[in-house]
Amino acid sequence: MGFSKDNLKGFVLALLSSGFIGASFIIKKKGLRRAAATSGVRAGYGGYSYLLEPLWWLGFITMIVGEIANFVAYAFAPAVLVTPLGALSIIVSAVLAHFILKERLHRLGVLGCVMCIAGSIIIVIHAPKEHSITSVLEIWSMATQPAFLLYVGSVVVLVFILVFHFAPQCGHTNVLVFTGICSLMGSLSVMSVKALGTALKLTFEGKNQLIYPETWFFMLVVATCVITQMNYLNKALDTFNTAVVSPIYYVMFTTLAIIASVIMFKDWDDQSGGAILSEICGFIVVLCGTILLHSTKEFERSSSFRGGSYMPVSPSLSARLCSGGNGELEKHEEEDGSPSEEICLRRQELY
């Protein structure tokens, strides 16, 4: 249960990643607002004037830096530690939006932030040590063990069923179809990203791993998974409300990524039952905090749109899972929503 040097590096990189990505959405939104004020056409209605706005490009570059830090973090620390820490970027965005964009953070939102931080601390304290790997061939041996091959086979079968059977029938009425495809492929991309990141780290240390075809295979898997994720994530965002898609996607993606890591890298083999239980509890606390943050944002938008008068909150999550959200009114609301709602989606497009 000790905190190794590699775990510390991965932890710091994950924190930096969350900070950069959280800040990038605020900077980009400021750039979008400035561009819309100059041209009179918002990005949500076909405007591209933001491409001439330096502030938007600053936000874009900041996001790229955050994604690179997140990529490198997987090379040093287990996915069980790195992946849940992605929720901290939502906190950074929510806090910065409160002070910079003047988007009020509700008390329940503050509670959600506290829950995310508390859960992350529990995960960090009880995170497993990163196993020492000296060659990409060791990772290949882990990837070809029967248990993980069974997991990969199950994921591939489920994705094919969702894509070719359920997507045409109910993909536009059930949010679990598109988000399920993204999450399943995301769990494989995280494992491939970790394998590729470790191979590059060893290469930079003087142990060239680019000579092995396994390294290039992992790179191919990353590209395939990322393209699939981005395609179906865009479909989910285009069809359903972001406030519905984001927490569901975060929960499914993070859960499946941890399961895949536990199977492939055997993260929990050297841990006690108490440590594993603590990690699970910390993860659940983070999930609850994330959902609470998004629910608070949806409540804020509903109240704002209705002029502040008391009205019932928007339909419950369970009721909205089976209803599309592609009306013009909803699109207009999402465009004005807080950037913190989209962070989990944006940062995981690459994983």
Side-chain angles (χ1 to χ4, degrees), residues 15-70 86-106 108-110 112-113 116 230 233-234 236-238 240-247 249-250 290 292-305 314 325-326 328-350:
L15 287 182
L16 290 174
S17 172
S18 295
F20 277 112
I21 291 176
S24 73
F25 279 84
I26 304 302
I27 299 172
K28 286 169 67 178
K29 187 162 185 178
K30 290 280 286 186
L32 289 171
R33 287 181 174 181
R34 183 180 295 180
T38 303
S39 66
V41 182
R42 294 168 56 187
Y45 292 92
Y48 292 97
S49 60
Y50 63 87
L51 294 176
L52 301 176
E53 175 56 52
L55 193 59
W56 184 88
W57 282 106
L58 176 61
F60 181 77
I61 293 172
T62 303
M63 183 181 68
I64 295 298
V65 172
E67 295 293 355
I68 293 174
N70 197 46
L88 297 180
S89 59
I90 305 176
I91 299 176
V92 174
S93 177
V95 173
L96 291 179
H98 178 79
F99 290 104
I100 298 176
L101 301 179
K102 307 304 179 184
E103 297 176 352
R104 191 169 66 90
L105 185 60
H106 195 272
L108 288 178
V110 175
C113 291
C116 288
M230 292 179 65
L233 179 58
N234 288 333
L237 289 172
D238 186 54
F240 302 98
N241 193 321
T242 305
V244 176
V245 176
S246 185
Y249 181 41
Y250 178 78
T290 303
L292 185 59
L293 266 173
H294 286 287
S295 301
T296 301
K297 284 297 177 182
E298 181 67 3
F299 173 79
E300 292 278 341
R301 293 192 311 177
S302 300
S303 299
S304 175
F305 177 74
S314 56
N326 52 355
E328 290 298 320
L329 174 62
E330 187 177 72
K331 290 296 180 185
H332 179 75
E333 286 187 71
E334 286 188 20
E335 182 67 22
D336 291 331
S338 168
S340 63
E341 293 177 348
E342 301 176 7
I343 286 187
C344 286
L345 305 174
R346 298 298 185 189
R347 75 170 295 147
Q348 294 172 63
E349 281 181 359
L350 300 178

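Numbering starts at 1 and runs along the sequence shown. Values below: all heavy atoms of this structure, side chains included; hydrogens, waters and symmetry mates excluded. As the structure is a prediction and not an experimental result, all values here were calculated from the model.
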Inset, instruction - Please round to the nearest 0.5 Å and tell me the distance separating atom CZ of R33 and atom OG1 of T38. - result: 14.0 Å

Inset, instruction - Take the angle between the ring planes of F60 and W56 and call it parallel below 30°, perpendicular above 60°, tilted in between. - result: parallel

Inset, instruction - Compare every heavy atom of G59 with every heavy atom of S24, then report the nearest pair and how far apart it is. - result: CB-O, 3.2 Å

Inset, instruction - For a salt bridge (Lys or Arg N to Asp or Glu O under 4.0 Å) with E53, tell me which candidate from K28, K30, R34 qualifies. - result: R34

Legend entry - Gap between atom CD1 of I68 and atom CZ of F20 - 0.5 Å precision: 10.5 Å

Legend entry - Interatomic distance, M63 atom CE to N70 atom CG [nearest 0.5 angstrom]: 12.5 Å

Legend entry - Straight-line distance of S49 OG to L32 CG, nearest 0.5 Å: 8.5 Å

Legend entry - Non-neighbouring partners of I27 that pass side-chain contact (heavy atoms from CB on, under 4.5 Å), sequence neighbours left out: L55, L58, T62

Inset, instruction - Work out which heavy atom in C116 is nearest to a heavy atom in A87; give both atom names and the distance. - result: SG-CB, 4.5 Å

Legend entry - Distance in Å, L88 CG paired with L16 CG, rounded so as to fall on 0.5 Å steps: 11.5 Å

Legend entry - For the student: nearest non-hydrogen atoms of S93 and I26, plus distance: O-CD1, 3.5 Å

